[in-house]
Protein chains: 2
Amino acid sequence: MSDDRRVGLADGPQAVVGLTAVIVSVDGTTPRVLTVGTDGGEALPSGDLAGDRDRTLEAAVRRLVGEQLGLPVRYFEQLYTFGDQARVPGGRALAVAYLALARHQPVSGPGRPHWRDWYELFPWEDWRRGRPGVLDQVVVPALGAWLAACPAEELATRTERAELTFGTGNARWDPMRVLDRYELLYELALLEEAGRRRPLVGALGHQLALDHRRIAAAALERLRGKLAYRPVVFEVLPETFTLSTLQQVVEAFAGQVLHKQNFRRLVAGANLVEPTGGVDQRTGGRPAELYRFRREVLRERPAPGMGLRRLGGP
Amino acid sequence: MSDDRRVGLADGPQAVVGLTAVIVSVDGTTPRVLTVGTDGGEALPSGDLAGDRDRTLEAAVRRLVGEQLGLPVRYFEQLYTFGDQARVPGGRALAVAYLALARHQPVSGPGRPHWRDWYELFPWEDWRRGRPGVLDQVVVPALGAWLAACPAEELATRTERAELTFGTGNARWDPMRVLDRYELLYELALLEEAGRRRPLVGALGHQLALDHRRIAAAALERLRGKLAYRPVVFEVLPETFTLSTLQQVVEAFAGQVLHKQNFRRLVAGANLVEPTGGVDQRTGGRPAELYRFRREVLRERPAPGMGLRRLGGP
DNA sequence: GACCATATGCTCAATCAGAGTATAAGGGGT
DNA sequence: ACCCCTTATACTCTGATTGAGCATATGGTC
């Protein structure tokens, strides 16, 4: 136990502290997360907290991303600090994870950076083309087995958890429950993850090193939550864009399609964007007006966002 | 820069990692936060992350709180990781902060624990008895001076920031902007805080050691946000309670009064509580029915909360 | 028994989300 | 030139939700 009267710099045990960035962008209608190749497999960009070089943690992440990737990142937000014993073999290592948003652009470098399709990591999260097949093919049967092999006194609890997490039974799919789903799938042994005793056949989604896919899941959940009440989408969009593009990007992150007319009304009503006067002719139909983000709203309004009430779909 | 190909336990520089708990309760209509006396002044309960003893960070905080205070805490949630260089004299020290909720009960121990009235730390945040006096007596004049002593090209930005943060001018007071307000007051040199060059006269609110009042501000903001969409209030309430008590507790955290009839309708409609059959006679008027929290909703509903849309007042 | 205080129940209007229908403005084929 | 297809944009309708006020119930106190 440490001395609870002392306040100030501790001289007690120290821990390894790393920084991890979940850098998100959008390429057309594909949400992307930046990964780098490592000896231990594909991973999120990470590095150690370098002593006293940076005044703040965010500055340290900015420098890390800048030096490793040279990618201009437009938004940083601290996500969570992961510190489970087992997350890294060999002892406790903390990872302070940051969510970062960037415009899509090619990246290259010694770390073999790659813009990974987000839904390769979480195929069950993309409902834009209807209910993902893996749910009925893999998840629902596995949930059934999990419930069947369950002590009777726990059955009600487990059933409830399964229904809520995956929107089976009476419950509806909640786009926000990304982490819950990830963790339940992990329990169901459907994820091939580092540290697992033996390899899985037919594991779901693309694996990342260590607990990095879990970190990415936390980032997706946070991002989906933020969409509704902060204008963060614009950080991945170019300077000017059409309302359709804006909607497609929101849909890409939300993993579901939105009602087009209402989306327009919402965006217009929120005064988040203003027309530039230009048009985009490449639509294949009537040309679309180009808009730009009214960056003033960042200072104007208390909590402007896309107003997507609970990310409601069509 | 660290080797970006390595994944696993780092052997690079290590950092001091501490844990800090913001333990919240309610005593009648007074929101409380638990502080301990230290050589450096009044502080939040803190300790070092003790090597490999705990499997998770939350377990470590639980143990820390248990051993230091012996207080039964009913809810833990990771808040933020603070790691500014300057937060602790002598070099970088990380603090992983947790928000904790407990039922109010006396505490004692070697650390001189004390249930501090939350609004002693942030007197400007309590609007339950109308607009706090300090705003017009101290803050608004200071904002005026800050704007007057401002380079012309920055005036518009500063004015906007001031209006938004403190709800002056056209903007309305936003209960959620706790951290923004804290930081602006700090910039205005209205807070007597550790690390400040010279003591202030007439500083606002009760000071805590290091950056602990800032951590508490982050906790209040988080808690106010959570109220609206997760049933966390019940963790500070006794097993049974009246709807008035429930409302008073929500009002205590929100720092503003709520419309009574709508509050009732809301709580009833959300199915968050069920009547016990008992009544509380000590009301001074018609006896109030006693309710209990339907703990099942934690598993039933995706995002149940008090439904306070943007914490709307009367 | 009048009066006060608090709890509880109901109504009403304004607003907003969800969904449908209609019109505008391009391009490509015949 | 015309029709048709595609996408963009505009308007309407309906039900749900919110903010606010009014009315009633049930206890205690003077």
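Order of the sequence lines sets the chain letters (A, B, ...), proteins ahead of strands, with each chain counted from 1. In what follows, every heavy atom counts, from backbone to side chain, and hydrogens, waters and symmetry copies are set aside.
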Inset, instruction - Test B:Met176 against B:Val178 for side chain to side chain contact (heavy atoms under 4.5 Å, CB included), laying out the working first. - result: CA-CA 6 Å; B:Met176 289 297 301; B:Val178 182; over 6 Å; no
Between [X] ([atom1]) and [N] ([atom2]), how many Å, whole number?
X	N	atom1	atom2	answer
B:Phe263	D:dT17	CZ	P	18 Å
A:Gln281	D:dT6	CD	C1'	14 Å
B:Leu266	D:dT18	CG	C1'	9 Å

Legend entry - Full working for side chain to side chain contact (heavy atoms under 4.5 Å, CB included) between B:Tyr182 and B:Leu121: CA-CA 10 Å; B:Tyr182 179 83; B:Leu121 305 181; over 6 Å; no
Inset, instruction - Using a strict 4.0 Å threshold on nitrogen-to-oxygen distance, state whether B:Arg292 and B:Glu239 make a salt bridge. - result: no
Inset, instruction - Measure up the A:Phe122 and A:Trp118 rings against each other and bin them: parallel (under 30°), tilted (30 to 60°), perpendicular (over 60°). - result: tilted
Inset, instruction - Please name the residue in the list B:Phe241, B:Tyr75, B:Tyr291 that meets the ring pair (Phe, Tyr, Trp, His ring centres under 6.0 Å) test with B:Phe234. - result: B:Phe241
Inset, instruction - Quick one: do A:Arg74 and A:Arg103 satisfy side chain to side chain contact (heavy atoms under 4.5 Å, CB included)? Show the steps, please. - result: CA-CA 8 Å; A:Arg74 305 175 57 78; A:Arg103 289 183 185 158; 3.3 Å; yes
Inset, instruction - Would you work out how much the helix from C:dG1-D:dC30 to C:dT30-D:dA1 bends between its ends, with each end axis defined by five base pairs, to 10 degrees? - result: 10°
Inset, instruction - Evaluate the side chain to side chain contact (heavy atoms under 4.5 Å, CB included) criterion for residues B:Ile23 and B:Trp115: first the C-alpha distance (whole Å), next the side-chain angles of each, then the deciding distance (0.1 Å), finally the verdict. - result: CA-CA 9 Å; B:Ile23 309 173; B:Trp115 283 116; 4.1 Å; yes
Inset, instruction - Output, in order, the C-alpha distance, side-chain angles, deciding distance and verdict of salt bridge (Lys or Arg N to Asp or Glu O under 4.0 Å) for A:Glu125 and A:Arg224. - result: CA-CA 11 Å; A:Glu125 294 289 347; A:Arg224 283 185 174 176; 3.0 Å; yes
Inset, instruction - If a protein heavy atom is under 4.0 Å from the base, mark B; if only from the sugar-phosphate, S; if neither, -; do that for nucleotides 2-11 of chain C going 5' to 3'. - result: ---BBBBBBB
